[in-house]
Colleague: 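Got a structure for you, questions after.
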Amino acid sequence: MESHLISRARSGDGEAFRELAEPYRRELHVHCYRMLGSYQDAEDALQDTLLTAWQGLGGFEGRASLRTWLYRIATTRCLNARRAAGRRPPREWNIPGMEPPEPTGLSEVVWLEPFPDGPEARYERAESISLAFVTALQVLPPRQVAVLVLRDVLGFPASEVAETLDTTVESVNSALKRARASLQRRLPRDREPPPPAGSPVEEAIVARFVSAYESADLDALVALLTDDVFMSMPPMPLEYQGLEVVGSFVAGIFGAGRRFDLVPARANGQPAFGAYLRSTSGVRHGTGLIVLGLAGDRVCAMTRFDNSVLPWFGLPRSLP
């Protein structure tokens with residue numbers, strides 16, 4: 001069946017090529033996202049990959065599987081994009097009527113964007129697309145990212161990864177060792193794992209978070225947070241870590257009488273919400289997307305993205 005589609009596609013049948021590529025579209029998009037950290041950049045790299053594959057199908061010899069060949073093209077496209085990276089610049093603080101507390105750190109990864117969960121998301125290992133993991137990948141050298149993702153996340157053999165990167169198995173193994181060590185330093189250890197998606201534990205903590213946030217109950221919200229809770233706001237570089245400073249940040253958001261309604265979504269295998277600011281006119285304006293990181297039955301991370309990401313999650317810019 002596949003060989004029949006390939007010969008049709010080689011003779012210029014675009015429909016046959018679409019049929020060939022469609023089963024791999026979502027996983028290739030996720031692959032590009034892991035490498036680039038940006039939903040939009042990953043979308044561009046995916047389109048680029050499919051165009052290159054369509055134009056280069058004559059050169060596909062069938063020595064590797066079609067899937068491996070597509071991953072090879074996608075990886076090259078992403079490495080080129082990382083090297084050319086005129087990444088998005090950081091944005092200035094833009095929340096009116098609120099002065100942010102002094103940040104505990106400044107993020108290097110201001111281009112980070114959330115990735116919407118699709119129906120296939122349950123087949124992806126949650127930790128391999130979590131915001132913490134994708135952020136940690138962004139600060140590794142590009143080839144180390146490629147090796148780590150192809151070997152540890154996707155399980156490609158070292159020999160195929162060496163061929164993809166035009167290098168030796170030894171150098172792949174050495175890059176993998178370095179990448180794993182860097183990642184271990186960056187990802188929090190000794191933290192309880194998140195509850196399974198959709199489990200009663202996850203649903204309970206999400207319900208408590210929504211109730212506290214919508215009623216601006218600061219004490220109830222702070223009671224849900226871990227002591228080392230981490231908050232970031234790409235594309236603004238400000239980062240906050242620790243219960244006290246995150247609590248005072250949220251107090252600032254609730255200050256000046258701001259009240260919000262939260263609409264549920266899922267991003268990166270994690271609970272997420274469109275946040276809508278209530279107004280006297282009754283119209284509620286979308287101010288952004290909040291993604292939660294969970295550890296056991298507590299919230300260990302809150303990442304706020306601006307409202308430009310709402311449409312990717314099927315969320316409106318405003319609610320009547």
Side-chain angles (χ1 to χ4, degrees), residues 38-40 43 88 90-101 110-119 121 131 197-198 202-225 229-240 245-294 298-320:
S38 151
Y39 181 73
Q40 295 176 98
E43 179 70 47
R88 272 181 291 288
R91 186 168 300 166
E92 294 290 301
W93 176 257
N94 61 0
I95 298 178
M98 178 190 166
E99 216 22 72
V110 290
W111 60 86
L112 184 74
E113 290 173 342
F115 197 94
D117 284 14
L131 282 175
E202 190 193 73
E203 285 174 359
I205 186 166
V206 163
R208 287 163 63 202
F209 180 86
V210 170
S211 160
Y213 205 96
E214 289 189 335
S215 58
D217 184 340
L218 187 63
D219 292 342
L221 191 78
V222 167
L224 293 173
L225 308 178
V229 63
F230 177 75
M231 184 169 189
S232 58
M233 289 160 283
M236 291 187 266
L238 309 181
E239 292 181 338
Y240 297 94
V245 69
V246 170
S248 77
F249 185 93
V250 176
I253 286 180
F254 291 161
R258 284 193 196 84
R259 293 295 173 268
F260 296 87
D261 289 312
L262 300 184
V263 177
R266 285 196 80 84
N268 299 73
Q270 299 166 227
F273 310 93
Y276 292 85
L277 183 62
R278 297 175 199 161
S279 70
T280 46
S281 70
V283 175
R284 293 159 292 169
H285 294 287
T287 58
L289 186 87
I290 300 165
V291 184
L292 300 184
L294 304 183
R298 310 281 284 283
V299 174
C300 62
M302 289 191 283
T303 312
R304 176 199 178 271
F305 297 96
D306 66 23
N307 60 5
S308 65
V309 310
L310 293 175
W312 309 343
F313 293 84
L315 294 170
R317 287 297 181 98
S318 62
L319 296 172

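Just so it is clear, the model here is predicted, and its values are computed rather than measured. Side chains included, hydrogens not; waters and symmetry mates left out as well; all remaining heavy atoms used.
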Colleague: Would you find a donor on one side and an acceptor on the other, under 3.5 Å apart, between the side chain of Arg284 and the backbone of Pro320?
Modeller: yes
Colleague: What do the steps show when you test Arg266 against Glu202 for salt bridge (Lys or Arg N to Asp or Glu O under 4.0 Å), and what is the final call?
Modeller: CA-CA 12 Å; Arg266 285 196 80 84; Glu202 190 193 73; 2.9 Å; yes
Colleague: Do side-chain atoms of Glu239 reach the backbone of Phe230 as a donor and acceptor pair under 3.5 angstrom?
Modeller: no
Colleague: From Tyr213 OH over to Ile253 CD1, what is the distance, rounded to the nearest 0.5 angstrom?
Modeller: 4.5 Å
Colleague: If you look at every heavy atom in Ala265 and Leu315, which pair is closest and at what distance?
Modeller: CB-CD1, 4.2 Å
Colleague: Let me confirm one number: the CD1-CE distance from Ile290 to Met302, rounded to the nearest 0.5 Å.
Modeller: 7.5 Å
Colleague: Do Asn94 and Met236 pass the side chain to side chain contact (heavy atoms under 4.5 Å, CB included) test, and can you show the C-alpha distance, the side-chain angles, and the key distance before you say yes or no?
Modeller: CA-CA 9 Å; Asn94 61 0; Met236 291 187 266; 3.4 Å; yes
Colleague: What's the shortest heavy-atom distance between Val229 and Ala301, and which atoms?
Modeller: CG2-N, 4.1 Å
Colleague: Could you tell me which non-hydrogen atom of Pro234 sits nearest to which non-hydrogen atom of Phe305, and how far apart they are?
Modeller: CG-CE2, 3.5 Å
Colleague: Can you tell me how far apart CZ (Phe249) and CE (Met233) are? Round to the nearest 0.5 Å.
Modeller: 4.0 Å
Colleague: Checking side chain to side chain contact (heavy atoms under 4.5 Å, CB included) for the pair Arg91/Asp306: CA distance, chi angles, key distance, verdict?
Modeller: CA-CA 10 Å; Arg91 186 168 300 166; Asp306 66 23; 2.4 Å; yes
Colleague: Out of curiosity, Trp93 CH2 to Glu99 CD, how far, rounded to the nearest 0.5 Å?
Modeller: 8.5 Å
Colleague: Take Leu319 and Val283 through the side chain to side chain contact (heavy atoms under 4.5 Å, CB included) test and state the conclusion after the steps.
Modeller: CA-CA 6 Å; Leu319 296 172; Val283 175; over 6 Å; no
Colleague: Just checking Phe209 against Phe273, ring centres under 6.0 Å apart?
Modeller: yes
Colleague: For the residue pair Arg278 and Glu214, what are the closest heavy atoms and their distance?
Modeller: NH2-O, 3.4 Å
Colleague: Step by step, would you call Leu292 with Ile205 a side chain to side chain contact (heavy atoms under 4.5 Å, CB included)?
Modeller: CA-CA 10 Å; Leu292 300 184; Ile205 186 166; over 6 Å; no
Colleague: Out of curiosity, Asn268 CG to Leu131 CG, how far, rounded to the nearest 0.5 Å?
Modeller: 4.0 Å
Colleague: Of all the heavy-atom pairs spanning Leu221 and Ala212, show the shortest one and how long it is.
Modeller: N-CB, 3.7 Å
Colleague: Please find the pair of heavy atoms, one from Pro114 and one from Leu289, that lie closest to each other, and give the distance.
Modeller: CG-CD2, 3.9 Å
Colleague: Hey, can you tell me if Phe115 and Tyr39 have their rings parallel, tilted or perpendicular (30° and 60° cut-offs)?
Modeller: perpendicular
Colleague: Is there a donor-acceptor pair under 3.5 Å between the side chain of Arg298 and the backbone N or O of Leu225?
Modeller: yes
Colleague: Donor-acceptor pair, Tyr276 side chain versus Pro316 backbone, under 3.5 Å?
Modeller: yes
Colleague: Report yes or no: does Tyr240 contribute a side-chain atom to a donor-acceptor pair with the main-chain N or O of Pro101 at less than 3.5 Å?
Modeller: yes
Colleague: Taking atom types as modelled, is there a side-chain donor on Ser38 or Glu113 under 3.5 Å from an acceptor on the other?
Modeller: yes
